[in-house]
Trainee: 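Sharing a structure with you now.
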Amino acid sequence: MSSNADIYHEMIVEYSRHPSNFGKIENPDVTYHDSNPLCGDSIDIFMNIKDNKVSDIKFNGRGCAICMACSSVMTEIVKGKSIDDVKKIQKDDILGELGLQNLQAVRIKCALLSLKVLKYGIYTYLAKHLNDTNADALKQEASALY
Amino acid sequence: MSSNADIYHEMIVEYSRHPSNFGKIENPDVTYHDSNPLCGDSIDIFMNIKDNKVSDIKFNGRGCAICMACSSVMTEIVKGKSIDDVKKIQKDDILGELGLQNLQAVRIKCALLSLKVLKYGIYTYLAKHLNDTNADALKQEASALY
Amino acid sequence: MQTAISVEKIREDFPILKRKVRNNKQLVYLDNAATAQKPIQVINAISDFYTNHNSNIHRAVHALAEEATEAYEVTRDKVAQFLNIKDRREIIFVRGTTEAINLVAYTWGRQNVKQGDIIVTTEYEHHSNIVPWQLLTQEKGAKLEYIGVNDDGELLLDQLETYLATGKVKLVAISQMSNVLGTITDMAEVMRMCKKAEVKVLVDGAQSVPHMKVDLQQIGCDFFAFSAHKMLGPTGVGVLWVRKELLEQMTPFHGGGDMIREVHKYETTWNDLPYKFEAGTPNIADVIGFSAALDYLSNLGMDFVRNHEIEITKYALEKMSTIKGLKIYGTKDISKRGGVISFNFADIHPHDLATIIDEEGVAIRSGHHCAQVLMERLDVAATSRASFYIYNTKEEVDVLIKSLEKAARLFKL
Amino acid sequence: MQTAISVEKIREDFPILKRKVRNNKQLVYLDNAATAQKPIQVINAISDFYTNHNSNIHRAVHALAEEATEAYEVTRDKVAQFLNIKDRREIIFVRGTTEAINLVAYTWGRQNVKQGDIIVTTEYEHHSNIVPWQLLTQEKGAKLEYIGVNDDGELLLDQLETYLATGKVKLVAISQMSNVLGTITDMAEVMRMCKKAEVKVLVDGAQSVPHMKVDLQQIGCDFFAFSAHKMLGPTGVGVLWVRKELLEQMTPFHGGGDMIREVHKYETTWNDLPYKFEAGTPNIADVIGFSAALDYLSNLGMDFVRNHEIEITKYALEKMSTIKGLKIYGTKDISKRGGVISFNFADIHPHDLATIIDEEGVAIRSGHHCAQVLMERLDVAATSRASFYIYNTKEEVDVLIKSLEKAARLFKL
Ligand SMILES: Cc1ncc(COP(=O)(O)O)c(C=O)c1O
Ligand SMILES: Cc1ncc(COP(=O)(O)O)c(C=O)c1O
């Protein structure tokens with residue numbers, strides 16, 4: 001049983017009140033929605049893709065501080081990256097940034113919802129627009145996140 | 001917990017092999033069927049009524065020794081009795097005859113199936129043919145037997 | 001008359017209340033609306049069954065089968081007594097409230113609800129009293145309508161009157177106590193309206209039966225559902241009660257063993273009530289364990305239970321009202337609510353709040369509480385919920401208050 | 001490799017085996033096909049849950065909820081391992097085999113079976129694998145057909161070939177082991193035929209899973225159902241396994257908590273598998289208790305279980321064959337049958353026989369064993385049935401034989 005005593009440090013509280021890249025993109029190249037049926041967190045992401053790079057990304061929705069902080073960090077990491085690099089993002093890249101590696105099982109879903117939405121979004125984009133036959137691996141990975 | 005050690009005395013075994021009033025009556029005045037869903041015992045009774053008396057009664061079906069013995073005793077008691085007297089027959093009249101008063105709960109259904117069928121049969125007869133508005137009491141009694 | 005029952009004495013019967021959690025913090029269990037803790041009497045009843053009497057029931061003549069069958073059926077009698085039910089054959093054992101309501105939707109519902117009919121439920125229902133009716137009305141081309149909730153968390157029963165006036169309502173499915181707001185439904189008023197309109201009423205008693213005296217003959221409804229696990233009993237047991245006249249007309253739900261009279265290749269006849277609706281091996285041990293829970297509550301008396309909860313809830317409401325930024329949902333009138341307090345604390349998300357105070361040993365629930373329709377009505381994504389039972393103390397409420405103050409510090413409120 | 005496991009040592013784990021019944025007679029429990037006894041490990045697992053970890057699952061963040069959720073989900077992993085299931089999300093916890101089969105009939109069945117279609121079952125099925133299909137085919141105007149049983153108690157699989165040749169068969173619902181005759185179904189042959197005809201297969205594993213090694217990937221069927229209580233586990237728990245491709249297309253069964261993703265007033269979306277099919281509070285404590293049963297059987301190894309039963313059954317068959325007037329049903333080929341012996345003794349009715357030998361402490365079952373279609377085929381009203389498990393001994397078989405001799409004396413055979 002891990003302790004959660006140190007989870008709510010300043011950075012998390014700060015992100016929860018002032019999330020990065022929060023909002024919508026009109027007519028985005030990629031958009032995806034998912035929610036966490038167990039707690040009601042709900043996230044939409046929007047991305048524009050230019051020259052195989054994520055030229056812009058925003059997220060919207062509601063969630064707990066952990067969800068908002070992780071979503072913020074996720075968008076910060078993704079912005080400007082190539083699709084290939086985005087595909088490689090692992091959960092610890094997000095969790096590590098916020099010191100959440102030992103998060104308890106129930107809360108991990110709050111932390112990784114936006115990453116899941118990102119991966120499904122990219123999958124949908126690759127499968128639809130680029131006819132990428134390897135996209136399924138990404139879908140598998142997304143569904144295995146938690 | 002009652003002991004069943006003495007249940008299978010000679011009389012029961014004898015009745016089970018040579019039941020009284022076993023068989024059918026063609027075009028009977030009363031007939032009724034029921035079965036015990038828990039063990040598969042199945043009993044039909046047939047009666048002729050003359051001058052408000054049970055002029056003839058037979059039973060048919062299959063059941064365990066206890067069911068056969070009790071059905072036999074039941075028909076012996078009923079034969080020739082007036083309907084009013086038949087209505088008054090209690091379970092202990094049957095069980096007492098065979099020393100089965102302490103029969104365990106599951107087996108009581110074997111012992112009383114034919115009495116239940118009798119009472120339902122009489123009820124149906126009274127309600128249908130005699131328009132007896134008190135017949136419902138008999139139905140209640142039958143359904144409360146076990 | 002009961003002389004003073006000591007909560008300290010009650011607590012001794014609940015071994016889990018001695019648990020330390022997280023950083024060796026004393027457990028303060030305030031998630032009773034989700035499931036109640038079990039007294040040693042219930043735990044022992046289950047162990048005793050498996051240790052001494054375990055057998056399948058109803059069909060065998062051997063000693064263990066006889067003992068098991070009798071113990072199982074005794075529970076049915078105790079349920080009848082507990083809820084003042086006239087006929088034990090109206091009592092069907094199921095897994096829980098959810099299965100009970102679905103059983104009604106699949107049997108009575110499929111038989112009776114037609115295109116254009118209306119089923120009425122409320123905005124404060126648990127999903128288990130909404131989704132089965134969504135599925136049914138969608139299948140049948142019928143309509144689902146909701147009785148609204150006012151800002152005090154009470155039902156707008158005028159709306160029920162309006163729905164009933166259409167003459168199209170087939171069923172009103174309503175909970176006797178909200179699991180989020182604690183609101184106690186005015187069943188007398190609901191029944192008065194529905195009886196006048198000759199409309200059937202299903203009552204979700206999942207939150208009421210554990211916490212207050214419930215008398216089914218007095219209510220006069222047609223279907224009633226509740227779960228054992230919320231009233232000191234084991235998980236996996238619930239009760240569906242159906243008025244005999246209706247039950248007799250209902251087609252079977254599950255097919256299988258025990259629910260049949262005679263099975264032939266192409267036709268089958270059904271067993272007597274209630275067995276017609278109890279197909280397959282039931283949850284024997286836990287039904288027997290539930291007996292011990294009913295005994296426990298009967299011994300305390302439901303008046304004691306309700307009074308104790310009123311006292312704790314009043315104390316908690318008073319204390320919580322003094323915390324700045326803390327918003328409590330539902331009525332403040334203690335006579336109209338049970339021991340459930342839903343709240344939000346400034347801009348702290350309920351999940352974060354629950355995690356923070358869990359570090360202090362305090363177990364509350366956060367989320368939508370399986371009541372997303374109500375969350376939409378309250379215009380929140382989630383709430384935090386503290387809910388009390390017979391073993392909770394004012395000292396535990398104090399620990400809750402303290403842990404809320406810690407959350408305020410972390411979030412710099 | 002396992003070194004010799006001692007049955008005496010196994011017996012020590014089952015406290016009930018020390019029971020005296022009736023006139024202080026040592027219990028000889030031979031009703032294992034109805035339900036198995038529970039080892040102390042299972043009893044303790046349930047007690048431990050209620051004593052230390054009890055909470056509702058999946059929805060809360062507090063410590064107890066976390067512990068309970070993890071323990072509950074671990075059982076799913078163990079079931080996957082026990083039956084060589086690839087994807088844990090294909091495993092749905094239900095009350096038992098009966099609910100599992102009804103769930104398939106209500107969801108996949110209502111979606112896929114149309115007028116004129118055929119469902120094939122067998123003459124040796126338990127009512128729970130007949131009645132749900134009767135209800136479904138009657139509702140849909142479809143047909144139910146039966147694979148016959150020969151005098152050795154084996155299926156006449158030629159008939160399956162004939163049914164399949166009509167091209168109208170939608171489902172073959174078949175048990176892997178008969179609960180009356182003990183016959184082990186030739187699943188390889190059934191699957192060969194059904195795969196060729198591209199017909200879905202549901203397997204009732206209620207009697208096979210407790211008594212022999214079962215590998216779902218090897219069988220290759222589409223639906224598989226069994227009950228925990230017949231394999232040392234608690235009552236109230238069963239498993240439905242469904243191949244992912246089918247499960248994904250299936251509409252939900254019960255509506256309620258936990259099975260939803262988002263509930264709105266007039267529309268709802270479903271949760272991921274397997275939760276979509278686990279509405280409401282599940283039987284948490286008993287699913288966790290079932291873990292201990294799976295551990296127990298895994299530790300013994302299913303080869304040990306099967307071999308021990310072969311030994312006991314062979315011994316019993318030999319002894320019983322020497323009793324004059326005693327008729328045994330089913331094959332004598334021990335490689336084709338499990339540890340279930342159905343018999344009739346001269347003209348003694350099975351109920352009388354069971355009562356008489358119950359006086360000697362011997363618990364057997366008598367009746368139709370929820371297999372009335374088979375009773376009709378055998379042209380008997382009922383049979384007596386002795387069924388064995390890991391803790392039964394040859395000495396217990398001797399007590400059975402002795403008690404049969406007493407019955408012969410009472411009935412003057
Ligand atoms: C072959 C078979 N199928 C199904 C069942 C039904 O199982 P349950 O009563 O646990 O639902 C049984 C046992 O009773 C069985 O032996
Ligand atoms: C009001 C209400 N109805 C129904 C339910 C569902 O009960 P269960 O999950 O035991 O089926 C609950 C509890 O979760 C509840 O609080």
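Chain letters run A, B, ... following the sequence lines, proteins first, then strands; residues in each count from 1.
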Trainee: Using heavy-atom distances under 4.5 Å, tell me whether C:P234 contacts chain D through its side chain, its backbone, both, or neither.
Mentor: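 It is both, since atoms from each part get that close.
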Trainee: Given the options C:L17, C:N44, C:L144, which has more heavy-atom pairs under 4.5 Å with chain D than any of the others?
Mentor: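 Highest number of heavy-atom pairs under 4.5 Å: C:L144.
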Trainee: With C:H62 as reference, evaluate D:V362, D:D358, D:T355 under the side chain to side chain contact (heavy atoms under 4.5 Å, CB included) test and give the passing residue.
Mentor: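 Testing each of D:V362, D:D358, D:T355 against C:H62, the sole residue satisfying side chain to side chain contact (heavy atoms under 4.5 Å, CB included) is D:D358.
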Trainee: Considering only NZ, NE, NH1 and NH2 on the basic side and carboxylate oxygens on the acidic side, decide whether C:E67 and D:R19 come within less than 4.0 Å.
Mentor: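 Salt bridge flag = yes for D:R19 with C:E67.
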Trainee: Is C:L64 in contact with chain D via its backbone, its side chain, both, or neither, using a 4.5 Å heavy-atom distance?
Mentor: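 C:L64 touches chain D through side-chain heavy atoms alone.
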Trainee: I need the residue from D:V42, D:V287, D:N102 with the largest number of non-hydrogen atom pairs under 4.5 Å to chain C.
Mentor: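 If we count pairs closer than 4.5 Å to chain C, D:N102 comes out on top.
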Trainee: Give the minimum heavy-atom separation between C:G257 and D:C370, together with the two atoms involved.
Mentor: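 Where C:G257 meets D:C370 most closely, the heavy atoms are CA-SG, 3.9 Å.
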Trainee: When heavy-atom pairs shorter than 4.5 Å are enumerated against chain D, which of C:E262, C:H351, C:H369 gives the highest number?
Mentor: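 Most heavy-atom pairs under 4.5 Å with chain D: C:E262.
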Trainee: Can you tell which part of C:H126 gets under 4.5 Å to a heavy atom of chain D, answering side chain, backbone, both or neither?
Mentor: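 Side chain only.
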Trainee: Do the ring planes of C:Y106 and D:H254 sit parallel (below 30°), tilted (30 to 60°) or perpendicular (above 60°)?
Mentor: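 Ring orientation, 0 to 90° scale: tilted.
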Trainee: Show, in sequence, the C-alpha distance, side-chain angles and deciding distance for C:Y50 and D:F14, and conclude whether the ring pair (Phe, Tyr, Trp, His ring centres under 6.0 Å) test is met.
Mentor: CA-CA 9 Å; C:Y50 286 131; D:F14 292 81; over 10 Å; no
Trainee: On a heavy-atom basis, which atom in C:T235 and which in D:I284 lie closest, and how many Å separate them?
Mentor: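 Looking at all heavy atoms of both residues, the closest pair is OG1-N, 3.2 Å.
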Trainee: Would you mind checking if D:K265 and C:E123 are paired as a salt bridge, meaning a charged N to carboxylate O distance below 4.0 Å?
Mentor: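 Counted as a salt bridge, because a side-chain N and a carboxylate O are separated by less than 4.0 Å.
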Trainee: Heavy-atom pairs under 4.5 Å with chain C: which of D:R95, D:E145, D:H53 has the most?
Mentor: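 Among D:R95, D:E145, D:H53, the one with the most close pairs to chain C is D:R95.
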Trainee: State, with a plain yes or no, whether a side-chain heavy atom of D:N56 is found less than 4.5 Å away from one of C:H229.
Mentor: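 When only atoms from C-beta onward are counted, C:H229 and D:N56 do touch, with a gap below 4.5 Å.
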Trainee: Of the listed residues (C:I101, C:T281, C:I130), which shares the most heavy-atom pairs with chain D below a 4.5 Å separation?
Mentor: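 Of the options given, most contacts go to C:T281.
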Trainee: Can D:R22 and C:E66 be counted as an ion pair, charged N to O under 4.0 angstrom?
Mentor: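 Yes, this pair counts.
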Trainee: Looking at C:T51, C:D258, C:V373, which one has more heavy-atom pairs under 4.5 Å with chain D than the rest?
Mentor: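 It is C:T51.
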Trainee: Return the option, out of D:N52, D:T121, D:L27, D:T268, with the maximum number of heavy-atom pairs under 4.5 Å with chain C.
Mentor: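 That would be D:N52.
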Trainee: If every non-hydrogen atom of D:A60 is compared with every non-hydrogen atom of C:D31, which pair is closest and at what distance?
Mentor: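 So the minimum-distance heavy-atom pair works out to CB-OD2, 4.2 Å.
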Trainee: At their closest point, which heavy atom of D:V61 faces which heavy atom of C:A354, and how far apart are they?
Mentor: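 Shortest heavy-atom separation between D:V61 and C:A354 comes out as CG2-CB, 3.3 Å.
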Trainee: Using non-hydrogen atoms only, which part of D:Q138 is less than 4.5 Å away from chain C: side chain, backbone, both, or neither?
Mentor: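 Just its side chain gets close to chain C.
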Trainee: Mind listing the closest non-hydrogen atom pair of D:V263 and C:Q372 along with its distance?
Mentor: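 Taking D:V263 first and C:Q372 second, the nearest heavy atoms are N-OE1, 2.5 Å.
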Trainee: Among C:G96, C:S47, C:G367, which residue has the highest count of heavy-atom pairs closer than 4.5 Å to chain D?
Mentor: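 Greatest number of close heavy-atom pairs with chain D: C:S47.
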Trainee: Please classify the contact of D:I364 with chain C as side chain, backbone, both or neither, using a heavy-atom distance under 4.5 Å.
Mentor: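 Only the backbone of D:I364 comes within 4.5 Å of chain C.
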Trainee: Contact part of C:E99 toward chain D, heavy-atom cut-off under 4.5 Å: side chain, backbone, both or neither?
Mentor: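 Both the backbone and the side chain of C:E99 come within 4.5 Å of chain D.
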Trainee: Using a cut-off of under 4.5 Å on heavy-atom pairs, state which of D:N54, D:V131, D:T98, D:T35 scores highest against chain C.
Mentor: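 Maximum pair count with chain C is reached by D:N54.
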Trainee: Side chain, backbone, both or neither: which part of C:E376 has a heavy atom under 4.5 Å from chain D?
Mentor: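 Just the side chain, heavy atoms under 4.5 Å.
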Trainee: D:K143, D:M259, D:R365: which one forms the most heavy-atom pairs within less than 4.5 Å of chain C?
Mentor: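 Highest number of pairs under 4.5 Å: D:R365.
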Trainee: Between C:A36 and chain D, with a heavy-atom cut-off of 4.5 Å, which part of the residue counts as in contact: side chain, backbone, both or neither?
Mentor: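 Just its backbone gets close to chain D.
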Trainee: Where does D:Q134 contact chain C at under 4.5 Å (heavy atoms): side chain, backbone, both or neither?
Mentor: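 Contact with chain C is through the side chain of D:Q134 alone.
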Trainee: So which of C:A105, C:P15, C:A65 has the largest heavy-atom pair count under 4.5 angstrom toward chain D?
Mentor: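 Looking at each option in turn, the highest pair count goes to C:P15.
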